[in-house]
Amino acid sequence: MKVFLKKHAELFVLAVLSVPLFFIGVGNTHDWGDDYAQYITEALNIASGRPFYESTYIYNPLNPEYAPPNYPPGFPLLLAPVVALFGTGIQPLLYLISVIVVALLFTLYAYFKNHMSSRAALCLAVVAVYSGVVMDLKSHVLSDLPLLFFVSLYFLFREKKQTHVNNTVLTLSLVMALLIRSQAVILLLAELIYLFILLIRFRKEKSLRTVLFSETRLPALLAAPLLYALVHFFIFPAPANAGTFYKNLFFLFNEHTWVLIGYNVNYLLDLLRRMLHFEMQDFFWQSLVSLLEYVCLVSVFLGFILSVRKKLGAGAIFFILMCLLIVFLPVHQGHRYFLPVLPLYFLYLVRGARVALLPVLNLKGFSAALVFTVLYLILGIDHFGRVSNFDNRGVYTYYDSLALKAIQENIPSGDVIVFSKPRALALYTGKTAVNIAWQRSSAENRKLFDSLNVKYLLARKGLEDEYIHDFLKKENYAKDTLEINPLYTLFTVR
């Protein structure tokens, strides 16, 4: 037994440190950001054998920043078994997220172990999984952490010896990443760019074929797009109008190109700095966290430069492309779109710290990793507690439940309701819902609402209700008003 524990000590420690992950951020409610509602709706459809994209939510083309008409089926596929067994309750779904985060912890440990000692890899994996950005997302039923897991799994198996089993896992992890979020195509693009670089560099060398098969993962690069196309076009086909979302998003960027790029460069730097951010109640401890963030930011830049000087691999290209995505993307979602770089971020952090920080502090690798890990977890205690505090959060408050029940029972099916969170309204009431385009004029919104034959506008206090009230004031649109309860007001417009 002692020999077994000594041989697998790191895995035992990881197992022990996995236990809190089943408590942090796990509750029976959700906040009002209604991405989760669309994922649950699609999971319900899959579990029921209906087309996964069916919903009473109407996509508003005037508001491309809000959400696409439907999400890819990858994450709903993961949710479907849980929804089939437990229904739409949030807590079982958050336990599924916990399982995924635990799997991420072990995956990151295995990945980091390829680049450092096993004990240092353990510390780094723990810091990465317990980081503020991961913990903040853990209390949400969103696709970000599943995507991060499959991207991390891809990078892990990319470094393994090419066997049938390893290539299969590599291919499936890439396919799942693509099915969870279209953004994962950047990973495929990074591999293709790296392949092109190798072709240019070794085009006249006899070793070209050997280099290509040792440095790239051609079987996965060939198989993954084919499998994805099979699933996307034949197993889970979706309406072509989903492309409208990305088209409108592009035109939104086109309107403010230079200003947006300038803003987004600073936004990117802030995202890089805040990867290890914790919200502290005490200003002194917050200053310590801020100092830590800036030290890590400098270490990441240094580690990235050192890595690229040594070798411009697929990982570095992926990191660069992800940074460019943030620079050119007109939508700001915090770390959500940037999260897949997390394994590379921490790898660059360690490489930079080894050169610039450890010699100054006169610390060796594992000692530094252990001190950093313990300090970071202590600093995060308040943050972990705040993530787990679900008081007055989400649609399950008393007044929310009453209002949703009243709407479900009293508004006829097919009547269109304008609401700030239409996907949540569609999930919990089954009613047809669309949101208001706050970026557009009231006249443009009215024209769209008239074309949809909108019957009602629903305002909830504290939930972007100012856009509803401002629209009604400018357009003199409401014919009748009903106060459902102190939080909800229903306006009849026709």
Report task. Might you work through the side chain to side chain contact (heavy atoms under 4.5 Å, CB included) test for Leu93 and Ile40, ending with a clear yes or no? Result -> CA-CA 9 Å; Leu93 297 172; Ile40 294 175; 3.6 Å; yes
Requested in this report: Run the numbers on Tyr57 and Lys431 for side chain to side chain contact (heavy atoms under 4.5 Å, CB included), then give the verdict.
Outcome: CA-CA 8 Å; Tyr57 155 62; Lys431 304 306 176 183; over 6 Å; no
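- Under the 4.5 Å side-chain criterion, counting only non-hydrogen atoms from C-beta, Pro422 is not in contact with Ile58.
- Phe491 places none of its side-chain heavy atoms less than 4.5 Å from the side chain of Leu458.
- Checked by atom type, the side-chain pair Thr492/Lys455 shows no donor-acceptor distance below 3.5 Å.
- Within the 4.5 Å cutoff, the side chain of Gln286 has no heavy atoms near those of the Gln281 side chain.
- No side-chain heavy atom of Lys421 sits under 4.5 Å from any side-chain heavy atom of Arg460.
- A side chain to side chain contact (heavy atoms under 4.5 Å, CB included) with Asn70 holds for exactly one of Pro239, Ser55, Pro76; it is Pro239.
- Legend: residues meeting side chain to side chain contact (heavy atoms under 4.5 Å, CB included) with Asp35, ordered by chain and number and at least two apart, are Tyr39, Tyr71, Leu142, Arg336, Arg423.
- Proximity of a side-chain donor or acceptor of Asn410 to a complementary backbone N or O of Ala406 within less than 3.5 Å is detected.
- Between Tyr345 and Phe338, the distance separating the two ring centers is not shorter than 6.0 angstrom.
- Contact annotation: the side chain of Leu108 never approaches that of Leu124 to less than 4.5 Å [non-hydrogen atoms, C-beta and beyond].
- By the 4.5 Å heavy-atom criterion applied to side chains, Leu379 and Leu288 are counted as neighbours.
- Tyr428 and Asp400 are not linked by any side-chain donor-acceptor pair at a separation below 3.5 angstrom, with hydrogens and angles left out of the test.
- Within 6.0 Å of CZ in Phe22 there are more than 12 heavy atoms belonging to other residues, nucleotides or ligands.
- Under 4.0 Å is where a charged nitrogen must lie from a carboxylate oxygen, and between Lys473 and Asp470 no such pair does.
- Gln439 and Tyr467 are not linked by any side-chain donor-acceptor pair at a separation below 3.5 angstrom, with hydrogens and angles left out of the test.
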**Report entry** Audit row: Asp34, Tyr66, side chain to side chain donor-acceptor pair (under 3.5 Å) steps and yes/no
**Finding:** CA-CA 10 Å; Asp34 66 341; Tyr66 173 68; 2.6 Å; yes
Query raised in the report: Can you check ring pair (Phe, Tyr, Trp, His ring centres under 6.0 Å) on Phe304 and Phe319, steps first, answer last?
Result: CA-CA 9 Å; Phe304 173 73; Phe319 189 86; 5.4 Å; yes
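- Between His332 and Tyr267, a ring centre-to-centre spacing shorter than 6.0 Å is recorded.
- Applying the side chain to side chain contact (heavy atoms under 4.5 Å, CB included) criterion to Ser18, with sequence neighbours excluded, gives Val102, Leu105, Phe106.
- Using a 4.5 Å heavy-atom cutoff, the side chains of Gln183 and Tyr337 are in contact.
- A donor-acceptor pair under 3.5 Å is absent between the side-chain atoms of Asn435 and the main chain of Ser420, judged by distance alone.
- At a cut-off of 3.5 Å, with distance as the only test, a side-chain donor of Glu444 or Ser441 sits close to an acceptor on the other residue.
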Query - Verdict with reasoning, Leu78 to Met176, per side chain to side chain contact (heavy atoms under 4.5 Å, CB included) - result: CA-CA 10 Å; Leu78 299 177; Met176 280 303 299; 4.2 Å; yes
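- Side chain of Ser287 to backbone of Phe284: a donor-acceptor contact under 3.5 angstrom is found.
- Here the side chain of Lys138 pairs a donor or acceptor atom with the backbone of Ile24 at under 3.5 angstrom.
- Taking the ring centroids of Phe236 and Tyr53, they lie at or beyond the 6.0 Å cut-off.
- Side-chain contact between Glu464 and Trp438 is absent, with no heavy-atom pair separated by less than 4.5 Å.
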Requested in this report: Determine, step by step, whether Leu349 and Val300 satisfy the side chain to side chain contact (heavy atoms under 4.5 Å, CB included) criterion, reporting the C-alpha distance in whole Å, the side-chain angles of both residues, the deciding distance to 0.1 Å, and the verdict.
Outcome: CA-CA 4 Å; Leu349 170 62; Val300 167; 3.8 Å; yes
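- Checked by atom type and distance alone, the side chain of Glu54 never pairs as donor or acceptor with a backbone atom of Thr41 at under 3.5 Å.
- Remark: Leu17 engages Val13, Val126 in a side chain to side chain contact (heavy atoms under 4.5 Å, CB included) (not counting sequence neighbours).
- Aromatic rings of Phe419 and Tyr456 (six-membered ring for Trp) have centroids beyond the 6.0 Å cut-off, not under it.
- Although no hydrogens or angles enter the test, the distance criterion places a donor-acceptor pair under 3.5 Å between the side chain of Asp465 and the main chain of Gly462.
- A donor-acceptor pair shorter than 3.5 Å can be found between the side chains of Ser442 and Glu475.
- Taking the six-membered ring wherever Trp is involved, the centroid distance between the rings of Tyr376 and Phe278 falls below 6.0 Å.
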Requested in this report: Evaluate side chain to side chain donor-acceptor pair (under 3.5 Å) for His335 paired with Asp136, printing each intermediate quantity in order.
Outcome: CA-CA 10 Å; His335 284 93; Asp136 285 341; over 6 Å; no
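- Side-chain atoms of Asn264 come within 3.5 Å of backbone N or O of Leu329 as a donor-acceptor pair.
- Using a distance-only test at 3.5 Å, with no hydrogens or angles considered, a donor-acceptor pair links the side chain of Asn445 to the main chain of Ala437.
- When atom types are taken as modelled, the side chain of His30 and the backbone of Val141 share a donor-acceptor pair closer than 3.5 angstrom.
- For Ser98 (side chain) and Leu21 (main-chain N/O), a donor-acceptor pair under 3.5 Å exists by modelled atom type.
- Val129 pairs with exactly one of Leu14, Leu104, Leu342, Thr107 by the side chain to side chain contact (heavy atoms under 4.5 Å, CB included) rule, that one being Leu104.
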